[in-house]
Protein chains: 2
Amino acid sequence: MAEAEKTQPKFHRLEADERREALINATIRCLARLGPRATSVREICAEAGVSPGLLRHYFEGKDDLVAQAYLHLTSKLNERVESFLLDQAQPPESRLEQLFLHILTEEWVSDEILGVWVAFWSLQRSDERLSNLHRVYNREFRDLIGKVLEELAAEREIKTNIRLAAISLSSLLDGLWLELCLDPDGFSAQEGIAICRSWLDGFLGRDVHDGMRNAKA
Amino acid sequence: MAEAEKTQPKFHRLEADERREALINATIRCLARLGPRATSVREICAEAGVSPGLLRHYFEGKDDLVAQAYLHLTSKLNERVESFLLDQAQPPESRLEQLFLHILTEEWVSDEILGVWVAFWSLQRSDERLSNLHRVYNREFRDLIGKVLEELAAEREIKTNIRLAAISLSSLLDGLWLELCLDPDGFSAQEGIAICRSWLDGFLGRDVHDGMRNAKA
DNA sequence: GTGTTACTTATACGACTGTAAAACAAAACG
DNA sequence: CGTTTTGTTTTACAGTCGTATAAGTAACAC
């Protein structure tokens, strides 16, 4: 019990925004490491290095925290997607190429993202506000894709149903992303990207099979 | 306390298979109605009309029961899909049409299926056997699609990568199904089917946009 | 140095969790 | 009818859950 040791503070305070973000990141890590079931209030707070009671000072409860984690990640995704999808400096086709790479590459195909998504889907049914949250994010994403497709269709004088085309591409991306997360050995990210390119070939009136034939695993 | 009432038995016995299936169906209903979190052992057994202890006489535990429910549904799906996807009496194209209808229609787009799927995905990370289960089912489904596409490619002399094409179509179906479950007002089942038809148009070398333009909501 | 603020911890509570094991009762067999 | 078998219930337990509340203490103002 030397007095020198007593000078170390038992905890240090953080600003509200910092603490909130720390708890959100801890939640994401816990969901990735333990899954939705074992991610308890105590586990999250231990991961964040704080005591269990603190969670309720910054969030309505555990479910709210999970929802905020989902919101945090979707916002980040949509921001980044928007930043290079609406970048007029590049041709639309290579902007979409960047999108494919971003969604089907390790950064986004991860236990962290899948964990939060599955946990959110579990909660979505119970709470109508969460359904709205998902709807808003999802349509935002779809509309971003729609805008690029519209540019593309306009400059090449393609007559189509932009809304359905956007739904098609976003669903294809979602499906590829999910299958890649659930079974990483089913196909490679490169093959997923080749599939997306092929979709784009069809949209632009090119042969759908040209790019598929010599896609590397 | 009339003696006549005492003649009613307090419970009736079932054969092992029947009781197992009753518990599986109860699990599916609970997951649909309450979500994965609130679906407890007691809730499942109450739904099945039996006492809580009975679950452990037929299953290793709650998680095992959920996995069996997933297995039950995936087997049913793949059986039905196989029955009309490999039906040589019909042309390949209309067999695929049936597939689109089956996957994107109310029977398969339901809280019951989504509930079991999300619950299973939550468990998948923890248990490697469950990952294998998912892989087997998923590749079975993909291979079935691949066989039809192969027939189609052969008879029309289309040179392509069948494996990637099958991954593409199955991912598109998965994505459309999931988005339809999570946000039923985002687009209609008819629009989803139109999107799948358009994919098939591309595969067959036809114009991708023809069918999209006048798809009804 | 003292007082105030509010962020953080510590502790506790009631409810619910999944599971184990013993008691029971219905059906099958003798 | 008596006995055995076994599907089913009942009860109990140890553990964990999310949350509420009070005590504590670091940081800031003065």
Side-chain angles (χ1 to χ4, degrees), chain A residues 1 3-24 26-27 30-31 33-69 119 122-123 126-127 130, chain B residues 1 3-24 26-27 30-31 33-69 119 122-123 126-127 130:
Chain A
M1 294 292 185
E3 291 189 8
E5 292 176 1
K6 294 183 69 176
T7 59
Q8 290 193 24
K10 296 185 178 177
F11 60 88
H12 66 285
R13 304 168 120 93
L14 253 58
E15 293 207 357
D17 289 345
E18 290 177 296
R19 186 64 80 193
R20 284 176 59 90
E21 196 173 336
L23 282 167
I24 286 176
T27 305
C30 278
L31 286 172
R33 184 162 50 88
L34 306 167
R37 162 132 32 182
T39 296
S40 62
V41 171
R42 287 166 178 79
E43 202 74 47
I44 293 171
C45 291
E47 174 76 33
V50 299
S51 78
L54 195 58
L55 191 148
R56 288 267 307 159
H57 281 247
Y58 289 99
F59 299 92
E60 291 178 18
K62 187 190 131 189
D63 290 359
D64 179 42
L65 178 48
V66 171
Q68 296 296 330
S122 302
L123 267 49
S126 329
D127 193 335
L130 299 190
Chain B
M1 293 293 183
E3 291 187 9
E5 293 177 1
K6 293 181 72 175
T7 61
Q8 292 192 24
K10 296 186 177 178
F11 59 87
H12 67 285
R13 304 167 120 94
L14 255 57
E15 292 208 357
D17 289 345
E18 291 177 295
R19 187 63 82 193
R20 283 176 61 88
E21 195 173 335
L23 282 167
I24 286 175
T27 305
C30 277
L31 286 172
R33 185 162 50 87
L34 305 167
R37 161 131 33 179
T39 296
S40 62
V41 171
R42 287 164 178 81
E43 201 75 47
I44 291 171
C45 291
E47 174 75 32
V50 299
S51 76
L54 196 57
L55 190 147
R56 286 267 309 159
H57 282 247
Y58 291 98
F59 300 92
E60 289 178 19
K62 188 189 130 188
D63 290 1
D64 179 42
L65 178 48
V66 171
Q68 297 297 330
S122 301
L123 267 51
S126 328
D127 193 336
L130 300 190

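Chain identifiers are assigned alphabetically (A, B, ...) following the order of the sequence lines, protein sequences preceding nucleic acid strands; residue numbering begins at 1 within each chain. FYI, side chains are in, hydrogens and waters are out, and symmetry mates aren't considered; it's all heavy atoms of this structure.
Residue F11(B) places its side chain closer to dT8(D) than to any other of dT25(D), dG18(D), dT8(D).
Every residue was checked against the side-chain hydrogen bond (donor to acceptor under 3.5 Å, both in side chains) condition with R13(B), not counting sequence neighbours, and none meets it.
Going from atom NZ of K10(B) over to atom C1' of dT6(D) covers 18 Å, rounded to whole Å. In this structure, the CG atom of L65(B) is 11 Å from the P atom of dT19(C), given to the nearest Å. In this structure, E15(A) atom CD and dT5(C) atom P are separated by 20 Å, rounded to whole Å. Between the NE2 atom of H12(A) and the C1' atom of dA27(D) there is a distance of 13 Å, given to the nearest Å. Atom CG of D17(A) and atom C1' of dC7(C) are 15 Å apart (whole Å). Atom CZ in R42(B) sits about 9 Å away from atom C1' in dT19(C), given to the nearest Å. At whole-Å resolution of the value, CD1 in I44(A) and C1' in dT19(D) are 14 Å apart.
When each of L130(A), L123(A), D127(A) is paired with D63(A), the side chain to side chain contact (heavy atoms under 4.5 Å, CB included) condition holds for L123(A) and for no other.
For G49(A) and S40(B), each mapped to the nucleotide of DNA chain C holding its nearest heavy atom, the one lying further toward the 5' end belongs to G49(A). Residue whose closest nucleotide on DNA chain D sits further toward the 5' end, between R13(B) and R37(B): R13(B).
R19(A) comes within 4.0 angstrom of the backbone, heavy atoms only, and of no base.
Checked by atom type and distance alone, the side chain of K62(A) never pairs as donor or acceptor with a backbone atom of L55(A) at under 3.5 Å. Using modelled atom types, one side-chain atom of R20(A) and one backbone atom of Y58(A) make a donor-acceptor pair closer than 3.5 Å.
The stretch residues 50-64 of chain A touches DNA chain C through V50(A), S51(A), G53(A), L54(A), H57(A), Y58(A), each having a heavy atom under 4.0 angstrom from the strand.
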